[in-house]
2 protein chains.
Amino acid sequence: MPKKVDHDERRRLIADALMKVAAEQGLEAVSLRHVAQAAGVSAGMVQHYFHTKDEMMVFALAAISERSEVRVRAAVDALGADPTPRLLLRTMIAALLPLEGPTREDGRVALAFLAYTAVRPAASAELRPSTAQFVEFIASMLPRGGAVAAAGLLALMEGLGLYLLGGQYTPAQALDALDAQLDLLFAT
Amino acid sequence: MPKKVDHDERRRLIADALMKVAAEQGLEAVSLRHVAQAAGVSAGMVQHYFHTKDEMMVFALAAISERSEVRVRAAVDALGADPTPRLLLRTMIAALLPLEGPTREDGRVALAFLAYTAVRPAASAELRPSTAQFVEFIASMLPRGGAVAAAGLLALMEGLGLYLLGGQYTPAQALDALDAQLDLLFAT
DNA sequence: CCTTTGACATTGCAGTCGTATTGCCAACAC
DNA sequence: GTGTTGGCAATACGACTGCAATGTCAAAGG
């Protein structure tokens with residue numbers, strides 16, 4: 001066997017470049033050549049690791065949802081043991097919001113992919129169960145309201161993310177709205 | 001002067017075709033030729049009414065926000081005189097949600113444009129004040145909570161729209177979540 | 001040694017894109 | 001009539017796209 005390279009590492013490197021391009025110029029600027037240039041590699045290499053552009057897109061889509069999972073896990077771990085349900089929820093949701101820095105870029109890419117998958121139902125079908133799972137988890141953390149209240153909280157989070165990206169809400173406003181919602185849901 | 005045609009009517013016809021293409025195949029499938037074909041006209045005619053593609057995009061963007069305004073107005077007018085604040089809000093928000101039929105297609109287009117403008121700050125700056133205005137109006141309808149609660153409700157609406165488009169929520173679930181939120185905000 | 005195999009780079013191709021240009025035709029002004 | 005002008009079609013152009021084909025080089029197996 002010839003040279004040994006970590007396939008998955010290369011693919012991640014390329015996916016990173018893809019996200020950079022998508023965050024700065026939108027998904028429609030994502031082409032094999034642009035991504036290759038952003039990654040500092042040749043276009044041929046991109047083709048070597050992704051036989052087709054769609055393959056590359058799917059990989060990047062998975063990579064970005066993995067990234068946010070990691071972020072949530074890190075934020076939760078930093079809480080220590082046995083946080084209150086309210087604090088746990090707030091921490092998780094805040095970790096998912098595109099408040100600043102790299103999370104904002106990730107948010108832009110996620111938004112682009114959202115629109116991308118809106119016309120390709122096959123790609124979005126994959127993340128449907130994960131949403132349902134999250135709703136279930138949130139419901140188990142709430143003192144009352146059940147799945148309906150949980151779905152509302154999740155939708156509020158998504159909307160806050162959208163308005164943060166659009167610049168309609170400042171990070172402070174978004175967090176205020178989140179805390180106010182938690183006040184409503186956890187009111188004694 | 002030669003032939004007389006209604007310029008704005010033609011532009012609207014073309015914009016309708018653009019939205020149809022965008023709703024079915026995404027914004028990146030929107031090209032002069034595709035739009036022209038969808039509208040049943042020649043590509044040259046599209047060029048005649050929009051000197052550049054960007055001009056066409058901007059027009060379509062304005063057209064779609066005008067459409068939703070019309071929809072909201074119609075729904076509110078059907079309420080008759082002096083509805084309760086809660087019913088008024090519910091009606092307006094429900095009219096904006098992509099629950100079914102043509103509103104779903106419009107929602108998909110709006111989502112595509114959202115991602116489109118996310119990397120073109122100039123285009124989104126225009127609709128920022130209208131969001132602020134809406135928040136203000138919602139706040140005036142709420143018994144308490146002020147702008148923060150209003151911002152939360154608006155974000156919840158936006159999130160519901162997103163999940164409706166993605167298929168994660170059914171229309172019934174979305175309306176349940178909306179009503180539950182109104183219960184919280186209007187609780188005595 | 002030498003052949004195989006995987007890691008890249010380069011090039012070519014058919015197609016689509018936005019746009020500028022050109023030309024034809026109908027309708028009005030004179 | 002004749003000329004002018006707007007509505008519209010057709011074409012040409014250069015830039016780009018995804019993808020396939022081809023080539024080069026290094027490392028490992030026999």
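Protein chains get the first letters and strands the later ones, always in sequence-line order, with residue 1 at the start of each. Computed over heavy atoms, backbone and side chain alike; hydrogens, waters and symmetry mates excluded.
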Contacts table for residues 143-155 of chain B: side-chain donor-acceptor under 3.5 angstrom, sequence neighbours left out:
from, atom 1, to, atom 2, distance (Å)
B:Arg144, NH1, B:Ala187, O, 3.3
B:Arg144, NH2, B:Ala187, O, 2.8

With a cut-off of 3.5 Å and sequence neighbours excluded, list every side-chain donor-acceptor pair involving residues 71-80 of chain A.
from, atom 1, to, atom 2, distance (Å)
A:Arg71, NH2, A:Asp106, OD2, 2.5

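- In this view, B:Gln181 and A:Gln181 satisfy the side chain to side chain donor-acceptor pair (under 3.5 Å) rule, not counting sequence neighbours.
- With sequence neighbours left out, B:His51 forms a ring pair (Phe, Tyr, Trp, His ring centres under 6.0 Å) with no residue at all.
- Shown here are the ring pair (Phe, Tyr, Trp, His ring centres under 6.0 Å) partners of B:Phe134, two or more places apart in sequence or in another chain: there are none.
- Note on B:His48: every side-chain N or O is 4.0 Å or more away from OP1 and OP2 of D:dC8.
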Enumerate donor-acceptor pairs with a distance under 3.5 Å from any side-chain N or O in residues 53-61 of chain A to protein atoms, sequence neighbours excluded.
from, atom 1, to, atom 2, distance (Å)
A:Lys53, NZ, A:Val30, O, 3.1
A:Asp54, OD1, A:Tyr116, OH, 3.3

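- Minimum interatomic distance between A:Ala62 and A:Ser65 (heavy atoms only, all atoms of both residues): O-OG, 3.1 Å.
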Check residues 15-24 of chain A and write down every donor-acceptor pair under 3.5 Å in which the side-chain atom is one partner and the other belongs to a residue at least two apart or another chain.
from, atom 1, to, atom 2, distance (Å)
A:Asp16, OD1, A:Arg67, NH2, 3.2

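- Residues from residues 8-24 of chain A lying near DNA chain C, meaning a heavy-atom separation below 4.0 Å, are A:Arg10 in numerical order.
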(message) Across nucleotides 9-19 of chain C, 5' to 3', mark each nucleotide with B, S or - according to how protein heavy atoms within less than 4.0 Å reach it.
(response) BB-B----BBB
